[in-house]
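Position 1 is the first residue of the sequence; numbering continues from there.
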Amino acid sequence: MKRFIVINGPNLNRLGKREPSVYGHETLGDLEALLTKTAIDLEVEVSCMQSNHEGELIDCIHRSVDEADGIIINPGAFTHYSYAIRDAIASVDLPVIEVHISNVHRREAFRHHSVVSPVTKGQIVGLGLYGYVLALTALAKGEE
Ligand code: DHK
């Protein structure tokens, strides 16, 4: 059975409490439950991690080489400036899909640029938690 890792970066543990007009009312637990249900429907395995620490996110990306067939990542604000996370993604030979809950292009200018996008398979923005469902579906049904 294919196995996928969902990695959420800084402040995403605050989902549900954090700026609900931007990120919605659902919690990280709600997201993980949604992805667990989606994985059952898709007949794949999913595991989720969240960290507020860049190095822990990088370690998880590295470990995924041995543990997963693909990665879904929302690097939070690291999206916009972490060359270290970008390089970690580039170092693993796995399909990686970048997800953002909000439509970053409608927000502050610093959110318009992602330094990780050039090393990902694709990017989904602005579709709320459903973006993760779409990413998991794409990886589960993809050829890679
Ligand atoms: C989440 C964050 O924490 C922000 O720093 C990004 C992203 C946007 C999101 O929409 O999921 O700018």
Side-chain angles (χ1 to χ4, degrees), residues 2-39 42 44-144:
K2 284 188 184 172
R3 182 152 186 232
F4 301 106
I5 310 263
V6 179
I7 301 174
N8 277 298
N11 300 305
L12 290 160
N13 56 313
R14 300 281 304 157
L15 279 179
K17 297 193 178 84
R18 169 194 191 200
E19 299 179 83
S21 61
V22 175
Y23 296 103
H25 292 277
E26 290 170 295
T27 66
L28 185 62
D30 294 333
L31 171 61
E32 293 180 355
L34 175 64
L35 291 171
T36 299
K37 180 183 172 304
T38 304
L42 291 168
V44 298
E45 285 180 24
V46 70
S47 63
C48 301
M49 77 82 77
Q50 186 275 331
S51 176
N52 295 317
H53 304 280
E54 190 176 27
E56 285 184 10
L57 298 170
I58 291 167
D59 288 343
C60 183
I61 293 165
H62 293 170
R63 277 198 308 276
S64 299
V65 174
D66 298 317
E67 297 176 1
D69 299 295
I71 299 172
I72 294 162
I73 186 165
N74 182 345
F78 286 134
T79 303
H80 312 300
Y81 66 91
S82 175
Y83 298 118
I85 289 179
R86 174 200 164 114
D87 283 355
I89 293 171
S91 82
V92 298
D93 189 19
L94 290 172
V96 177
I97 300 184
E98 175 189 356
V99 173
H100 298 291
I101 295 165
S102 65
N103 182 349
V104 285
H105 303 291
R106 293 180 65 171
R107 301 181 63 198
E108 302 95 321
F110 78 87
R111 297 185 203 276
H112 297 178
H113 182 64
S114 166
V115 300
V116 305
S117 289
V119 292
T120 62
K121 182 176 171 68
Q123 185 197 50
I124 298 171
V125 308
L127 303 182
L129 301 192
Y130 193 58
Y132 294 84
V133 172
L134 293 175
L136 185 57
T137 304
L139 288 178
K141 298 196 178 291
E143 290 303 308
E144 283 180 86

Main-chain N/O of [Y] paired to [X] side chain as donor or acceptor, under 3.5 Å:
X     : Y      : value
Thr79 : Gly76  : yes
Glu56 : Ser51  : no
Arg3  : Ala68  : no
Ser64 : Glu67  : no
His80 : Ser114 : no

Nearest 0.5 angstrom please: [X] [atom1] to [Y] [atom2], how far?
X      : Y      : atom1 : atom2 : result
Asn74  : Leu129 : CG    : CG    : 10.5 Å
Ile72  : Lys121 : CD1   : NZ    : 12.0 Å
His100 : Ile73  : NE2   : CD1   : 9.0 Å
Leu15  : Gln50  : CG    : CD    : 8.5 Å
Ile61  : Ser91  : CD1   : OG    : 8.0 Å
Met49  : Glu32  : CE    : CD    : 10.5 Å

Kindly indicate, with the supporting measurements, whether the criterion side chain to side chain donor-acceptor pair (under 3.5 Å) is fulfilled by Asn11 and Tyr23. CA-CA 11 Å; Asn11 300 305; Tyr23 296 103; over 6 Å; no
If you compare all heavy atoms of [X] against all heavy atoms of [Y], which two are closest, and at what distance to 0.1 Å?
X      : Y      : answer
Gly70  : Leu94  : N-CD2, 4.1 Å
Gly142 : Lys2   : O-NZ, 3.2 Å
Ile58  : Ala84  : CD1-CB, 3.7 Å
Cys60  : Ile5   : SG-CG2, 4.1 Å
Ala90  : Val119 : CB-CG1, 3.9 Å
Leu28  : Leu12  : CB-O, 3.9 Å

Quick one: are [X] and [Y] in side-chain contact, heavy atoms under 4.5 Å?
X      : Y      : answer
Ser117 : Arg86  : no
Leu31  : Asn8   : yes
Ile97  : Ile124 : yes
Gln123 : Val99  : no
Ile71  : Phe4   : no

Just do the side chain to side chain donor-acceptor pair (under 3.5 Å) check on Glu54 and Asn52 with the steps written out, would you? CA-CA 7 Å; Glu54 190 176 27; Asn52 295 317; over 6 Å; no
Applying side chain to side chain contact (heavy atoms under 4.5 Å, CB included) to Lys17 and Thr27, what does each step give before you reach the verdict? CA-CA 8 Å; Lys17 297 193 178 84; Thr27 66; over 6 Å; no
When you look at Leu34 and Tyr132, which way does the side chain to side chain contact (heavy atoms under 4.5 Å, CB included) test go after all the steps? CA-CA 9 Å; Leu34 175 64; Tyr132 294 84; over 6 Å; no
Option among Thr137, Leu139, Leu35 that satisfies the side-chain contact (heavy atoms from CB on, under 4.5 Å) test with Leu42: Thr137
Heavy-atom neighbours of Arg106 CZ exceed 12 at 6.0 Å: no
How are the rings of His112 and His105 set to each other: parallel, tilted or perpendicular (split at 30° and 60°)? tilted
